[in-house]
Amino acid sequence: MAEITKSYEAKDVETKWYAAWQEAKCFAGRAAPGQETYTIVIPPPNVTGILHMGHVLNNTLQDALIRRARLEGKAACWIPGTDHAGIATQTMVEKHLKKSEGKGRRDLGREEFLKRVWSWRDEKGDMILQQLRELGCSCDWDRTHFTMDPGYSKAVLTSFVKLFDGGHIYRGKRMVNWCPVSLTALSDEEVEMRPTKGFIYRLRYELVEPATTTDAEGNVIPLTHLILETTRPETIAADVAVAVHPDDPRYQHLVGKRVWRPLGERVQIPIIADIAVDPAFAAGALKVTPAHDKVDYEIGQRHSLPIIDALNADGTLNEFAGPELAGMDRFAGRKKAAEILEASGALIEAKPYENNVGYSQRAGVPIEPRLTQQWWLKYPRVEEAKQVVRDGLIQMHPERWTKVYLNWLDNIQDWCISRQLWWGHRIPVWYAKGIDREQLTEADLRDPTKIHVSLEGPVDPENWTQEDDVLDTWASSWLWPFATLGWPNAEEQAKAGFSQFYPTTTLATGADIIFFWVARMIMAGLEFTGGDDGQGGMTNDECRMTNGATTADPKHSALGIRHSSLSREELARRIPFKHVYFNGIVRDKQGRKMSKTLGNSPDPLDLIAKYGADGLRFGILQIAPLGQDVKFDEDRIEGGKNFCNKLWNACRFRQMSGPMSDNTSLAAILARVDASKLDDDDHALLAALIDTMRTVERGFTEFEFAGATQRLYSFFWNDFCDWYVEVAKARVQDPSVKDHALAVQDLVIREFLLMFEPFAPFITEELWSLLGYVGGTTSVSSSGGPDGAGPSLFLQDTRIETADGLVAALAASGAHVDAAASGRVDKLKQFATLARQLKADQLVAQKRDVKFLALGHHADWLALEKAVSKLTRLVGAVDISRTTEELALPATVTPFGTLYLDTGIKVDPAAERTRLTKELDAITKHIAGTESRLGNVAFTSKAPPAVLDGAKKQLADQQAKRDELTRLLKAL
RNA sequence: GGACUCAUAGCUCAGUUGGUUAGAGCACCUGCUUCACACGCAGGGGGUCACUGGUUCGAGUCCAGUUGAGUCCACCA
């Protein structure tokens, strides 16, 4: 067996084992008949993406879950892949193209441009997956998917056709969120409201027919103009009316009159009354610009107003904005418009103003409400999607997200699924040549002579033109949990093990995409999977209920609530996952989201190089409390590395302490543990181990990883290394218990490595191999893995024991863990600490030749005497012996009576007095507190007996200590 | 406007159903290269648990309110 080096060098270990695991196909998701499965689909990173700290946290969590499942004997399957990420990728390639060739995508044409994107993807697309391997992720790489793969694309188009046939998809000209940079429509979810500083312009709109009004005193005064305020003067030329509230007394008599439009062509526009106007806001009068505002558009519809579109797609103003503004960018145009208005006297005032403006999340510029033809989806299975979460078929962790989820579904609006991009799934719709796409009615959409919708396209392509638009990226990723398992192709589904791995078990993702992705996947799963044909879809009854469901207005389309006719069993079959775990967002120390632009995100690969993949994984999980954002702190990652090194050295020390015996199974190790030789330290250690196992078990079921990692840390470092290994040093010198003592260590290290593996797969695998745990058959409590109880080559082939399983296995070999031992060991730990403290106080901490003398009851000495050989070693003394007389030496009061330190140096009474007085003061305070509690009748009569007894015992101990300190002080 | 989260040591965080003297890591101070580990060992200092009130024999923990930080949804010119 190879000797263990002095410190853990992660790099070589990581490379070696990752290759070995892949070689042995350890990560393959294969399920034996009847075997329990555990499936995770990765949140597919953007194909152009590079690994950032958010990925590290998210994927470490998934890997921990998958690896734990594997150790528990489940058929674990983690499906990796990447997302084509329409806008993000297209933008990136366009930028690159501009830089390297000075060309735009239109210079190349659609086909050529797509070729470039594909070659970009072929070159860089696997980078992030490679980085995940360096992190140790145990994905089944043979199942890697890409949302633009032929098979996946077919799934996407199939879903479109099915939804179209089911009446869920329609086309319509409506106000959308338009991104003037990406030149495409966006869904509401892709728009982010940001407070934005600007100006609000107070303007005079001159009345065509002068009117009168009354002032506060009731005097009739002439009225020549109307005052209103706007933040967008550049759109005034597109105004078609001025609106006031119908009940507003200031303006009622003006309704029906007209004003002069103050900018652009000098035309008259009507004053209308509409309830959308808030009389209390600004001037209480609103300029109506139907082409450039959602509310204005609706007002325009209600009043049959014309629509003037003064903006180009790229956000520049066109000729309708007026000759002075035409061709200008919208922001420059705004300034120019203000200048013109000021010159003409129409501008009364420009006040600094901050309002919420919608920004394109991707491009970071304000979006424009724009009237365009788009494809819309009326979401399927909305009610069922609520039901499965409300009824707990899908559980969210932390649970509070269910409320956010349900609230969104309650207010859901139709989804704009078309994008004016080239990179994506081109919508499988063909228009008959010669028809006017602008004039298509809803009925036309269902007329096969005008519109063709299918997977294969029309049989006579020469007579048709395909839709130019592609689908929103999320309209492909919402199929991820089942399209990666072969849907909709039955043969592929069988090959991928769909029936075994679907529904998947856990989805781990960030809450920032709960609407984008999580909610939509649930609806998609419910719509497309299950059913008698395994292909989802609606039952006949449901088809009848949703007959003629297309609605023109997205706001109201969700009102026609369809009640589920799916049974609970059917719903359970269709859901895409059973648990959703929302990990926090990784932030920097100032609490800012980590981002490329801020440059505050460390490169995970640098961190891996510096601290090892295991150090990084363990470190990040330790600071990732359930559902809370993570403030990244590199010190914690260093802590992860240090812990790995500690583990490494403890194992190294075990190897140096004595020959390795048969470690190939739990049974083999237990055979070497001599139950009759178990002492208090053994019992306390085993009790702590079992407690740790329970904590870790709970950590995985409750997604409390921080708790699990912290217990693993304190168990190994404090319980095992600091105490047990130290006290065992004496026993290992004793031939009569040596084998037994080493066997206990082998047992504990074994169980620890198994528990730790999901968090730190590399170092554990290496130590598993170095310490000879490899090679046996699967463990005693295992019922056999997918391939039966064959020899295990890797740690991850082994079955982990449950805490109960270990208790049972110990009991079967005669080792019943004595729970009371921990208390006795704790007293010895206190004794050791006090003895060291005394040495430090006397400035002889480093001396190892001092003598201790214990003065106490006979029983105390008996307890101490048993541990004397360990204790002398632990505290650094040549001897701890008993004294029956009071000595003039520095002393401390321990749980075993008074302890004197003999350094051979004369005592300094003044210093001693100070030290002891300080201690006495402290204990006196505690006694006062305890006494007053016990003196309170309300407490003694109402507190439970255990608490009461505890308090009494505490008081007695405190008093004994006080008395002894008092005596020591007097003796000085 | 609506929903939610958080506030504990200088920093980052634990603190299970209320119950001894509120813990860890990092940082800081002291001592130590003691034959696993200086990526370490031993010891130490450091907290009115944001504030106010309530429930209770007992509150960091439960309830109400206040303040502060943050997130999501909606959004008016």
Side-chain angles (χ1 to χ4, degrees), chain A residues 4 6-8 193 200 228-232 243 276-278 280-289 293 295-296 355-356 358 398 400-401 403-404 407-408 411 511-512 514-515 585 587 589 591 611 615 622-623 625 627-636 638-639 641-657 695 698 704 706-707 710-711 713-714 717-718 721-722 725-726 729 832-833 836-841 843-846 848 873-876 922-923 925-926 929-930 933 936-944 946-948 950-951 953-955 957-958:
Chain A
I4 299 180
K6 188 169 167 175
S7 64
Y8 174 59
M193 301 306 281
I200 187 159
L228 55 79
E229 298 189 8
T230 182
T231 52
R232 303 206 58 187
V277 181
D278 178 359
F281 190 84
L286 174 69
K287 77 183 196 67
V288 181
T289 322
D293 186 278
V295 172
D296 290 14
N355 63 338
N356 271 332
R400 62 187 151 86
W401 289 107
K403 208 170 163 179
V404 176
N407 182 48
W408 185 74
N411 299 293
D512 52 338
I514 186 170
F515 310 134
I585 294 165
R587 299 175 179 280
K589 270 197 159 178
Y611 305 111
Q622 255 187 310
I623 51 176
Q628 234 36 75
D629 285 355
V630 183
K631 271 193 205 150
F632 181 73
D633 182 357
E634 192 169 326
D635 286 346
R636 299 301 290 260
E638 189 178 357
K641 180 197 176 175
N642 293 350
F643 184 63
C644 288
N645 195 56
K646 187 73 180 177
L647 169 64
W648 184 260
N649 272 288
C651 291
R652 174 169 183 249
F653 185 60
R654 161 62 193 93
Q655 199 184 47
M656 292 164 70
S657 299
T695 304
R698 198 176 57 237
E704 300 250 21
Q710 278 162 25
R711 186 69 186 102
Y713 185 98
S714 73
W717 203 309
N718 303 125
C721 293
D722 290 348
V725 171
E726 291 303 322
K729 279 177 179 173
T833 299
R836 289 162 172 163
Q837 207 173 22
L838 189 57
K839 280 179 69 183
D841 283 340
L843 307 176
V844 291
Q846 77 281 17
R848 303 193 64 81
R873 192 183 184 107
L874 274 176
V875 304
I923 198 79
K925 234 183 253 170
H926 295 320
T930 317
R933 273 206 308 153
N936 185 346
V937 186
F939 173 70
T940 50
S941 61
K942 288 189 182 176
V947 174
L948 199 58
K953 168 94 170 50
Q954 183 195 344
L955 183 62
D957 289 349
Q958 288 169 340

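By convention in this document, chain letters (A, B, ...) are assigned in the order of the sequence lines, proteins followed by strands, and residues within each chain are numbered from 1. In this text the structure is predicted, and so the values were computed from the model without any measurement.
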Using a 4.0 Å heavy-atom cut-off across all strands, classify [X] as base, sugar-phosphate, or nothing.
| X | value |
| --- | --- |
| A:Val288 | nothing |
| A:Asp278 | base |
| A:Phe515 | sugar-phosphate |
| A:Ala650 | base |
| A:Lys641 | base |
| A:Asp722 | sugar-phosphate |
| A:Asn356 | base |
| A:Arg636 | base |

Taking C-beta and beyond as the side chain, do [X] and [Y] meet within less than 4.5 Å on heavy atoms?
| X | Y | answer |
| --- | --- | --- |
| A:Lys646 | A:Tyr713 | no |
| A:Leu874 | A:Arg836 | yes |
| A:Val404 | A:Phe515 | yes |
| A:Leu286 | A:Asp296 | yes |
| A:Phe939 | A:Val947 | yes |

(message) Between the base of B:rA36 and the side chain of A:Glu726, is there a donor and acceptor pair under 3.5 angstrom?
(response)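 Indeed, a donor on one side and an acceptor on the other fall under 3.5 Å apart.
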Specify the separation, in whole Å, of atom [atom1] of [X] and atom [atom2] of [N].
| X | N | atom1 | atom2 | result |
| --- | --- | --- | --- | --- |
| A:Glu229 | B:rA77 | CD | P | 11 Å |
| A:Arg836 | B:rC41 | CZ | P | 11 Å |
| A:Glu638 | B:rG40 | CD | C1' | 13 Å |
| A:Asp629 | B:rC4 | CG | P | 18 Å |
| A:Gln655 | B:rC37 | CD | P | 14 Å |
| A:Leu647 | B:rG40 | CG | P | 13 Å |
| A:Asn718 | B:rG23 | CG | C1' | 11 Å |
| A:Lys287 | B:rC76 | NZ | C1' | 14 Å |

Rounding to an integer number of angstrom, what distance separates [N] and [M] when you compare their [atom1] atoms?
| N | M | atom1 | answer |
| --- | --- | --- | --- |
| B:rG25 | B:rC32 | P | 22 Å |
| B:rG47 | B:rA27 | C1' | 16 Å |
| B:rG15 | B:rA22 | C1' | 8 Å |
| B:rC6 | B:rG45 | C1' | 29 Å |
| B:rC41 | B:rA36 | C1' | 12 Å |
| B:rU21 | B:rG40 | P | 33 Å |
| B:rC49 | B:rC57 | P | 23 Å |
| B:rA14 | B:rG54 | C1' | 28 Å |

Partner nucleotide, any strand, of [N] [Watson-Crick/G-U, under 3.5 Å]:
| N | value |
| --- | --- |
| B:rC4 | B:rG70 |
| B:rA24 | B:rU12 |
| B:rC41 | B:rG31 |
| B:rC75 | none |

To the side chain of [X], which of [options] is closest?
| X | options | value |
| --- | --- | --- |
| A:Lys942 | B:rU56, B:rC39, B:rA77 | B:rU56 |
| A:His926 | B:rU21, B:rA36, B:rA77 | B:rU21 |
| A:Gln710 | B:rA77, B:rA14, B:rG43 | B:rA14 |
| A:Val295 | B:rU21, B:rC76, B:rG25 | B:rC76 |
| A:Thr833 | B:rC4, B:rC73, B:rG43 | B:rG43 |
| A:Asn407 | B:rC39, B:rC73, B:rA77 | B:rC73 |
| A:Arg933 | B:rG19, B:rA36, B:rG43 | B:rG19 |
| A:Lys631 | B:rC13, B:rC26, B:rA42 | B:rC13 |
| A:Asn936 | B:rC73, B:rC57, B:rC37 | B:rC57 |
| A:Gln954 | B:rA77, B:rU56, B:rU20 | B:rU20 |

Any side-chain N or O of [X] less than 4.0 Å from the OP1 or OP2 oxygen of [N]?
| X | N | answer |
| --- | --- | --- |
| A:Trp717 | B:rC41 | yes |
| A:Asn642 | B:rG40 | yes |
| A:Arg400 | B:rC4 | no |
| A:Lys6 | B:rA38 | yes |
| A:Asn355 | B:rA77 | yes |
| A:Lys646 | B:rC41 | yes |

(request) Please work out which of the three classes, parallel, tilted or perpendicular, describes the rings of A:Phe643 and A:Trp717, given edges at 30° and 60°. (result)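 Ring orientation of A:Trp717 relative to A:Phe643: parallel.
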(request) Mark this stacking check for A:Phe281 against B:rC76 as yes or no, applying ring centres under 5.5 Å and ring planes under 30°. (result)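 Yes, A:Phe281 stacks on the base of B:rC76.
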(message) Heavy-atom nearest nucleotide on RNA chain B for A:Gly284 versus A:Ile923: which residue maps closer to 5'?
(response)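 Checking each residue's closest nucleotide, the 5'-ward one belongs to A:Ile923.
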(request) Nearest-nucleotide wise, let me know which of A:Gln837 and A:Tyr8 is further upstream toward the 5' end of RNA chain B. (result)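 Its nearest nucleotide lies further toward 5', so the answer is A:Tyr8.
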Expected output: side-chain [X] to main-chain [Y] donor-acceptor under 3.5 Å:
| X | Y | result |
| --- | --- | --- |
| A:Gln954 | A:Thr930 | no |
| A:Asn649 | A:Lys6 | yes |
| A:Lys287 | A:Leu228 | no |

(request) Taking only Lys NZ, Arg NE, NH1 and NH2, and the carboxylate oxygens of Asp or Glu, determine whether A:Glu638 and A:Lys641 approach each other closer than 4.0 Å. (result)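 Salt bridge absent between A:Glu638 and A:Lys641.
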